[in-house]
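First listed ligand is number 1; within each ligand, the first listed atom is number 1. Only heavy atoms go into these numbers, but all of them, side chains included; no hydrogens, no water, no symmetry mates. Everything numeric in this text was worked out from a predicted model, so none of it was measured.
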Amino acid sequence: MTRTIVVTSGKGGVGKTTTTANLGMALAKRGRRTVVIDADFGLRNLDLLLGLENRIVYTAVEVLAQECRLEQALVRDKRQSNLCLLPAAQNRLKEAVSADQMRQLVSLLAEDFEYILIDSPAGIEGGFQNAVAAAREALIVTTPEIAAVRDADRVVGLLEANSVKKIQLVVNRVRPAMVAANNMMSVKDVQEILAIPVVGVIPDDEKVIVSTNRGEPLVLADPLPLAGLAFENIARRLEGEDVPFLPLEAPREGFLDRLQKILFAKVI
Ligand code: ADP
Ligand code: MG
C-alpha cells in the first residue's frame with residue numbers, strides 16, 4: 001500500500017519544503033522507496049533543498065503530454081537511491097498540473113513507491129486544490145505564530161472538504177526559551193487551537209538554513225543535530241512507532257543556571 005501525503009500549510013514560508021525534503025530523505029534512509037513531488041513554487045524549491053537542481057531534464061508536464069516516460073522525469077538522489085524527485089511545478093503563472101493529472105501521476109507512481117510526498121502550495125495560494133487532490137493524508141506545517149496558526153486552521157477545513165482522511169500537525173521553528181518566557185505559543189497551545197494530532201515538533205535552528213543553502217538535508221548530517229533528529233522522528237511516527245517528543249519545551253535550567261541563581265541571590 002502506497003501512502004500519499006501532502007505537505008501543506010496555511011501561510012507560506014513556514015517550512016513545507018524543508019519538511020518534505022527531510023522527511024523524504026528520512027523515509028528513504030529507513031529503506032522506504034520514496035518519491036517527493038515538487039508542486040510548489042517557493043523561495044527555495046525542493047530541487048534546491050535536495051541539491052538536485054542541475055539534474056532535472058523533464059518534469060511531470062512532459063510526462064503528462066507523453067513527451068517522455070515517467071522514469072525519465074524522475075531524478076534519483078545521488079546519496080540515497082531510495083529517494084526520487086518528480087518536478088511538477090513550472091512557473092507562477094500557470095497551474096502546471098490539474099487535479100485529475102495529479103491523480104494520474106500518483107497512481108503511476110504508486111506502482112513503484114511506498115511513500116509519495118507532495119510539497120504543495122499554501123492553502124491561500126493557487127494550485128493548492130490540485131496538489132492535494134490525490135492525497136489521502138496531510139501534514140500541516142505551522143510555526144507557533146498567530147497568523148500562521150489561524151491560516152492553518154482554514155486549511156484543515158479545506159483538506160477535509162478534499163477527502164483527505166488523516167491530517168496531522170508539524171510545529172516548526174519552536175524556540176524553547178521564548179516559549180518558557182511566554183513570548184511564543186507552546187506546541188500545546190497550537191495543538192489546542194487546531195485540534196489535530198501533532199506528529200512533529202521541530203526546533204528553530206540555523207543549521208536548517210545552512211542545510212537549505214547547501215542542498216544537503218539535515219537528516220544526512222553527522223552528527224545528527226536536534227532538528228534533524230526531530231525530522232527523523234516524524235518518519236518513525238508515520239511508520240507507527242511510538243516515539244516520545246524531544247524535550248524542547250522543558251525549561252532549560254541546568255546546573256549552572258541554578259548555581260548562578262543561588263550565587264546571584266546571595267549577592268543581592
Ligand atoms: P515553505 O516551503 O513553507 O515556503 P521553506 O521550507 O522554504 O518554507 O522554509 C522557509 C525558510 O525558513 C527557509 O529559509 C528555511 O531554511 C527556513 N526554515 C525552515 N524551518 C526552519 C527551522 N526549523 N529552523 C530555522 N530555519 C528554518
Ligand atoms: Mg516551499
Fill in: Side-chain heavy atoms of Val149 within contact of Pro144, under 4.5 Å
no

Worksheet item: Side chains of Val174 and Ile202: closer than 4.5 Å at any heavy-atom pair?
Response: no

Worksheet, complete the sentence: Which of Leu23, Leu238, Leu27 passes side chain to side chain contact (heavy atoms under 4.5 Å, CB included) with Ile5? Answer is Leu238

Worksheet entry | Asn172 contact mode with ligand 1 (heavy-atom cut-off under 4.0 Å) | side chain

Worksheet entry | Exercise: identify the closest heavy-atom pair between Leu218 and Lys207 | CD1-O, 3.6 Å

Item to complete: Quick one: look at Ala227 and ligand 1, take heavy-atom pairs under 4.0 Å, and tell me if it's side chain, backbone, both or neither.
Response: neither

Worksheet item: Does any N or O atom in Glu206 lie less than 3.5 angstrom from one in ligand 1, N or O only?
Response: no

Worksheet item: Should Ser9 be listed as contacting ligand 1, given a heavy-atom distance under 4.0 Å as the test?
Response: no

Practice prompt. Please find out if the Mg ion (ligand 2) and some N, O or S atom of Thr20 are separated by less than 2.8 Å.
Written response: no

Worksheet entry | Flag for Tyr115-Glu239: side-chain donor and acceptor within less than 3.5 Å | yes

Worksheet item: Within the structure, does Ile202 bring an N/O atom to less than 3.5 angstrom of an N/O atom in ligand 1?
Response: no

Discussion item. Distance under 4.0 Å to a non-hydrogen atom of Lys16: what atoms of ligand 1 satisfy this?
Written reply: 1 (P), 2 (O), 3 (O), 4 (O), 6 (O), 8 (O)

Worksheet item: Which of the atoms of ligand 1 are close to Gly15, meaning less than 4.0 Å from one of its heavy atoms?
Response: 1 (P), 3 (O), 5 (P), 6 (O), 8 (O), 9 (O)

Worksheet entry | With Met102, the side chain to side chain contact (heavy atoms under 4.5 Å, CB included) member among Val6, Leu64, Val97 | Val97

Worksheet item: Can you name the closest pair of heavy atoms from Leu50 and Asp77 and give their distance?
Response: O-OD2, 4.2 Å

Worksheet item: Can you tell which of Leu159, Val156, Leu139, Asp153 makes a side chain to side chain contact (heavy atoms under 4.5 Å, CB included) with Ile196?
Response: Val156

Item to complete: Give yes or no for whether the N/O distance cutoff of 3.5 Å, strictly under, is met between Asp40 and ligand 1.
Response: no

Fill in: Proximal ligand 1 atoms for Pro203, defined as those under 4.0 Å from one of its heavy atoms
22 (C), 23 (N), 24 (N)

Fill in: N or O pair under 3.5 Å between Asp205 and ligand 1
yes

Worksheet item: Hey, does Thr17 come in under 3.5 Å of ligand 1, counting only N/O atoms on both sides?
Response: yes

Item to complete: Grab the two heavy atoms, one from Val106 and one from Ala134, that are nearest each other, plus how far apart they are.
Response: CG2-CB, 3.6 Å

Worksheet entry | Part of Thr212 within contact of ligand 1 (heavy atoms, under 4.0 Å) | side chain

